[in-house]
Every structure is written in C-alpha cells, then in structure tokens.
Amino acid sequence: MSRTSSRLTTQRMTRLALLAAAAVVLGYMENIISAVMLLPPGIKLGLANTVLLYSVYLLGPGYSVILMLLKVVLTGFMSGNLAATFFYSMGGGSLSLVMMLLVKKLGGRSVSIVGVSVVGAVFHNVGQLLVAALILHTPGLMFYLFPLLIAAVITGIITGIAGRQIVRVLKLPGSDPFGEKEGDGT
C-alpha cells in the first residue's frame with residue numbers, strides 16, 4: 001500500500017469519526033427541538049440526515065453504511081434504551097440509506113440531492129413504522145404513515161437544501177459530487 005493511499009484512508013476515517021460525532025450531536029439537538037416545538041411522535045426535522053447526505057455524495061456507500069451504523073449505535077447508548085432505539089433507528093436508517101443510494105445511483109443527474117433527501121426522509125418513516133408495527137404487533141400503526149409522509153416531504157426538502165449547501169462547501173478536493181462543470185452553479 002502506498003503512502004498516499006494510506007494517508008487518504010486515515011483522512012477518510014478521521015472524517016468519518018467527525019461526521020459520526022456531528023450526526024449524533026445533530027440528532028440530540030433535533031430531539032430537543034422536537035420536544036420544544038411539541039411535534040407529534042415520529043416527526044423530526046432530519047438534521048442528522050444532512051450528515052448522511054454528505055457521506056452519500058462525497059464518501060460513497062461503504063462509508064455511508066458505517067456512518068449510519070455508528071449513529072444508530074451511539075444514539076442508542078446515549079438514549080439509555082439501546083434495544084428499542086436500536087431497532088427503530090436501524091429499521092428507519094437502513095431502509096432510508098438503501099433507498100437514497102438507489103435513487104442517487106439510478107436517478108443519476110436527473111434526481112437532485114433534494115430529491116434523494118426526500119426519498120430518505122420518506123423511507124426512514126416507513127422503516128420505523130414497519131419495525132414498530134412488528135414489535136408492537138399493531139399493524140394499525142401503518143395508518144399513521146400518511147401524516148408522517150407529509151412531514152417527511154417537507155423536512156426532506158429542507159434537509160436536502162441544507163445538505164446541498166453543506167456538500168458544496170465541504171466537498172473533498174478534486175471531487176465533483178453533482179457532476180457539474182466548474183462554474184456551473186446549479
């Protein structure tokens with residue numbers, strides 16, 4: 001292994017650790033904001049998703065999976081209820097990430113980061129509701145999906161706009177996350 005590739009790996013791992021910490025902190029802040037705003041159960045702003053969008057667009061699928069897993073486990077430990085938090089977060093996070101990666105790959109340049117974010121928000125809610133319905137043996141929970149989907153579209157748009165700006169400002173040297181030409185500005 002060359003010295004350059006080793007250094008790049010170290011840089012990416014350091015970046016991954018910082019991103020995991022940012023995702024956990026943003027998730028914690030999001031919980032506080034949701035409680036203060038008296039949002040209905042399951043509706044959150046998706047602040048931590050901006051970090052995952054960054055990873056999806058600049059670090060790739062492998063790092064994104066690791067980042068999602070780190071966030072789920074660390075958040076579970078911080079909540080004091082690792083089992084419940086883990087299953088709900090893992091269900092939502094896994095389905096969300098898989099769908100974001102698929103839409104980004106299959107949609108190419110025709111689907112923006114905002115569209116990928118909306119898909120992620122929608123499927124995060126779907127995943128969490130499916131897990132809740134299975135754990136609680138209450139299929140009727142799926143009726144709550146409609147209001148969650150409305151909220152997911154709204155928060156997904158907001159998160160996607162924020163994620164687009166974050167990716168543009170913090171992109172890796174030499175990367176072209178949106179397939180734009182220099183000075184394109186779209």
Side-chain angles (χ1 to χ4, degrees), residues 8-37 39 41-104 112-129 131 148 151-172 175 177-178:
L8 181 60
T9 300
T10 302
Q11 287 175 349
R12 282 193 172 217
M13 292 305 291
T14 302
R15 186 178 300 258
L16 187 60
L18 291 171
L19 290 172
V24 169
V25 169
L26 287 171
Y28 182 75
M29 288 173 40
E30 179 177 78
N31 288 337
I32 293 170
I33 292 168
S34 295
V36 170
M37 292 177 65
L39 294 176
I43 297 178
K44 295 189 178 183
L45 300 175
L47 299 174
N49 198 39
T50 58
V51 177
L52 195 55
L53 282 170
Y54 175 89
S55 181
V56 163
Y57 275 83
L58 295 176
L59 299 179
Y63 285 98
S64 298
V65 168
I66 294 168
L67 180 61
M68 186 272 301
L69 291 172
L70 284 170
K71 181 192 177 293
V72 167
V73 171
L74 293 172
T75 302
F77 279 121
M78 288 179 57
S79 75
N81 189 359
L82 179 61
T85 303
F86 177 81
F87 287 116
Y88 294 123
S89 295
M90 185 59 74
S94 297
L95 188 56
S96 171
L97 180 58
V98 165
M99 294 308 295
M100 285 193 300
L101 290 169
L102 276 174
V103 168
K104 180 183 179 288
S112 72
I113 190 172
V114 175
V116 170
S117 176
V118 169
V119 167
V122 164
F123 281 96
H124 193 276
N125 285 330
V126 169
Q128 284 193 326
L129 266 184
V131 169
L148 286 178
V153 169
I154 294 167
T155 60
I157 290 170
I158 294 167
T159 301
I161 292 168
R164 179 177 57 209
Q165 293 309 111
I166 290 168
V167 167
R168 281 190 175 145
V169 170
L170 299 178
K171 70 181 180 183
L172 298 168
S175 68
F178 304 118

Quick check: closest heavy atoms across [X] and [Y], and the distance to 0.1 Å?
X: Ile113; Y: Gly160; answer: CG2-O, 3.9 Å
X: Tyr54; Y: Ile166; answer: CD1-CG2, 4.1 Å
X: Leu67; Y: Ser55; answer: CD2-CB, 3.6 Å
X: Ser96; Y: Gly120; answer: OG-O, 2.9 Å
X: Tyr88; Y: Gln128; answer: O-CG, 3.1 Å

- Task: Using the side-chain contact (heavy atoms from CB on, under 4.5 Å) rule, take Met13 and Tyr63 through it: C-alpha gap first, then chi angles, then the decisive distance, then the call.
- Result: CA-CA 9 Å; Met13 292 305 291; Tyr63 285 98; 4.0 Å; yes

- Of Leu95, Leu148, Val153, which meets side chain to side chain contact (heavy atoms under 4.5 Å, CB included) against Val122?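 Of Leu95, Leu148, Val153, side chain to side chain contact (heavy atoms under 4.5 Å, CB included) with Val122 is met by Val153 alone.
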
- Message: Closer than 3.5 angstrom, by distance alone: can the side chain of Ser117 be matched with the main-chain N or O of Gly156 as a donor-acceptor pair?
- Response: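 Such a contact is found between Ser117 side chain and Gly156 backbone.
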
From [X] [atom1] over to [Y] [atom2], what is the distance, rounded to the nearest 0.5 angstrom?
X: Gln11; Y: Leu16; atom1: CD; atom2: CG; result: 13.5 Å
X: Met100; Y: Tyr57; atom1: CE; atom2: OH; result: 9.0 Å
X: Leu47; Y: Glu30; atom1: CG; atom2: CD; result: 5.0 Å
X: Thr75; Y: Met90; atom1: OG1; atom2: CE; result: 10.5 Å
X: Lys104; Y: Ser64; atom1: NZ; atom2: OG; result: 9.0 Å
X: Met29; Y: Asn31; atom1: CE; atom2: CG; result: 11.0 Å

- Check step by step if side-chain contact (heavy atoms from CB on, under 4.5 Å) holds for Leu69 and Val65. CA-CA 6 Å; Leu69 291 172; Val65 168; 4.0 Å; yes

Side chain to side chain, [X] and [Y], heavy atoms closer than 4.5 Å:
X: Val56; Y: Leu101; value: yes
X: Leu45; Y: Ile33; value: yes
X: Leu59; Y: Leu19; value: yes

- How far apart are the C-alpha atoms of Val114 and Arg164, what are their side-chain angles, what is the distance that settles it, and do they pass the side-chain contact (heavy atoms from CB on, under 4.5 Å) test? CA-CA 7 Å; Val114 175; Arg164 179 177 57 209; 3.8 Å; yes

